[in-house]
Amino acid sequence: QDNMLDFVFAVDDAVTWHMMNLLKNRSHYSFLKVFGPKQISSVQSYGAGIYYNTLVPCNGRMIKYGVISTDTLIDDLLHWKTLYVAGRLQKPVKILTQNENSKLQAALISNLKSAVTAAFLMLPESFSEEDLYMQIAGLSYSGDFRMVIGEDRSKVQNIVKPNVPHFQKLYSNILQDCPQVVYKHHLGRLEIDKSPEGQFTQLMALPRTLQQKITSLVDPPGKNRDVEEILMQVAHDPDCGFVVHQG
């Protein structure tokens with residue numbers, strides 16, 4: 001029970017939310033409280049677009065909670081603008097309550113599909129289900145689990161090993177609906193299409209920000225080729241997975 005419990009609240013209107021929360025829970029806020037809800041909301045919009053109140057005592061334990069605007073969250077889920085909240089939501093989390101926002105629902109699934117696609121690009125032709133989840137859990141650390149060393153590596157293992165059933169629950173539908181992967185149950189292995197065509201399809205399905213990063217890595221400035229052309233080149237590159245990792 002020692003570790004801090006971490007909540008994230010997606011709110012449609014941050015200014016109003018902080019205004020109400022300041023009235024109710026003023027002690028949760030740092031010195032920023034003196035500046036009021038508008039300032040807090042503008043601080044929230046920096047960086048990953050999330051504002052944290054931390055070290056909040058609650059029911060006998062410490063919690064922290066981040067507040068993010070629903071639009072910023074959807075944007076990160078779809079395009080991996082910062083991959084901060086999107087990266088957390090690629091791992092099993094408990095969704096306590098969710099309103100009927102269909103755009104958000106679709107974005108949550110889109111983020112999981114993107115995680116699978118990026119992991120596929122960095123995995124070999126054949127791998128275990130646990131390898132896949134390690135790779136996905138490693139995305140928000142360094143991009144590629146095999147590059148993660150030391151403390152972060154055991155962090156990733158600690159996230160995945162005890163939680164394989166939860167990862168399965170999160171990803172099984174996506175893997176079942178994905179034409180590019182074959183599950184060889186008797187071997188406990190997944191096999192993916194590593195042909196340039198297969199990799200090109202995956203690269204074209206990646207979130208926009210990652211495509212842009214990959215493009216700028218491979219394309220010297222000033223040549224102005226289009227993204228599709230560059231990704232086609234990457235798809236034929238034996239180091240394709242490494243380029244995606246760098247991105």
Side-chain angles (χ1 to χ4, degrees), residues 1-99 101 103-105 107-112 114-115 136-143 148 150-160 162-163 166-167 170 207 209-210 213:
Q1 297 291 324
D2 299 344
N3 48 1
M4 234 188 307
L5 202 52
D6 188 350
F7 293 87
V8 172
F9 303 132
V11 303
D12 293 345
D13 173 353
V15 177
T16 306
W17 195 91
H18 285 298
M19 188 172 77
M20 311 282 285
N21 198 38
L22 277 163
L23 291 171
K24 244 174 140 171
N25 300 304
R26 200 171 169 78
S27 64
H28 293 184
Y29 288 82
S30 68
F31 71 95
L32 271 179
K33 58 176 159 271
V34 302
F35 296 116
K38 271 217 165 93
Q39 272 313 117
I40 293 171
S41 301
S42 70
V43 170
Q44 180 181 313
S45 64
Y46 287 105
I50 188 164
Y51 173 87
Y52 261 98
N53 276 335
T54 173
L55 293 170
V56 176
C58 176
N59 294 344
R61 64 180 296 179
M62 282 296 180
I63 69 161
K64 58 178 174 171
Y65 59 91
V67 183
I68 188 168
S69 90
T70 312
D71 290 342
T72 305
L73 173 60
I74 290 173
D75 202 37
D76 196 37
L77 291 169
L78 292 177
H79 307 303
W80 288 7
K81 217 57 166 286
T82 65
L83 198 53
Y84 183 76
V85 182
R88 293 172 165 228
L89 292 169
Q90 291 159 1
K91 305 174 184 80
V93 298
K94 183 142 183 64
I95 295 184
L96 297 172
T97 158
Q98 197 175 357
N99 62 7
N101 184 331
K103 261 178 78 176
L104 179 56
Q105 299 275 15
L108 285 163
I109 292 167
S110 167
N111 178 43
L112 298 178
S114 298
I136 289 172
L139 282 177
S140 42
Y141 284 95
S142 81
V148 178
E151 187 194 349
D152 276 350
R153 190 182 177 94
S154 56
K155 246 190 220 164
V156 175
Q157 279 168 329
N158 293 343
I159 292 168
V160 176
N163 284 309
H166 294 116
F167 273 95
L170 202 52
T209 311
L210 181 51
K213 298 265 186 222

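Residues that satisfy the ring-ring contact (aromatic ring centres under 6.0 Å, His included) test with Tyr52, not counting sequence neighbours, are absent from this structure. By the side chain to side chain donor-acceptor pair (under 3.5 Å) test, Asn163 is found to be paired with His166, residues two or more places apart in sequence or in another chain being considered. In terms of the side chain to side chain contact (heavy atoms under 4.5 Å, CB included) criterion, residue partners of Leu22 (sequence neighbours excluded) are, by chain and number, Arg26, Tyr29, Lys33, Pro37, Ile40. With sequence neighbours excluded, no residue forms a ring-ring contact (aromatic ring centres under 6.0 Å, His included) with His79. Shown here are the side chain to side chain donor-acceptor pair (under 3.5 Å) partners of Thr72, two or more places apart in sequence or in another chain: Ser69. Applying the side chain to side chain contact (heavy atoms under 4.5 Å, CB included) criterion to Thr54, with sequence neighbours excluded, gives Met4, Lys64. Contacts of Ser30 classified as side chain to side chain contact (heavy atoms under 4.5 Å, CB included), with partners at least two apart in sequence or in another chain: Leu32, Tyr51. A search for side chain to side chain contact (heavy atoms under 4.5 Å, CB included) contacts involving Asn99 returns Asp12, Asn101, not counting sequence neighbours. Residues meeting the salt bridge (charged side-chain N to carboxylate O under 4.0 Å, His left out) test with Lys91, sequence neighbours left out: none.
Atoms CE and CG, from Met62 and Asp6 in turn, are 14.5 Å apart once rounded to the nearest 0.5 Å. Taken from CG in Asp13 to NE2 in His18, the straight-line distance is 10.0 Å, to the nearest 0.5 Å. Of the inter-residue distances, the one linking Leu170 atom CG with Leu89 atom CG reads 9.0 Å to the nearest 0.5 angstrom. Atoms CD and CH2, from Gln44 and Trp17 in turn, are 8.5 Å apart once rounded to the nearest 0.5 Å. For the atom pair CG of Asn21 and OG1 of Thr16, the computed distance is 12.0 Å after rounding to the nearest 0.5 Å. The line from CZ of Phe35 to OG of Ser42 is 10.5 Å long, rounded to the nearest 0.5 Å.
Closest approach of Leu78 to Pro207, counting heavy atoms only: O-CB, 3.7 Å. The minimum heavy-atom distance linking Ala115 with Trp80 is given by the pair N-CZ2, 3.7 Å. Closest heavy-atom contact between Ala10 and Thr70: C-OG1, 3.9 Å.
No donor-acceptor distance shorter than 3.5 angstrom exists from the side chain of Asn111 to the backbone of Ala107, with no hydrogens or angles considered.
Taking 4.5 Å as the limit, every side-chain heavy atom of Leu83 sits out of range of all side-chain heavy atoms of Thr209.
Residue pairs satisfying the salt bridge (Lys or Arg N to Asp or Glu O under 4.0 Å) criterion with at least one member in residues 67-85, sequence neighbours excluded, are listed as follows: Asp75-Lys81.
For Asn25 and Tyr65, the side-chain atoms include no donor-acceptor pair closer than 3.5 Å.
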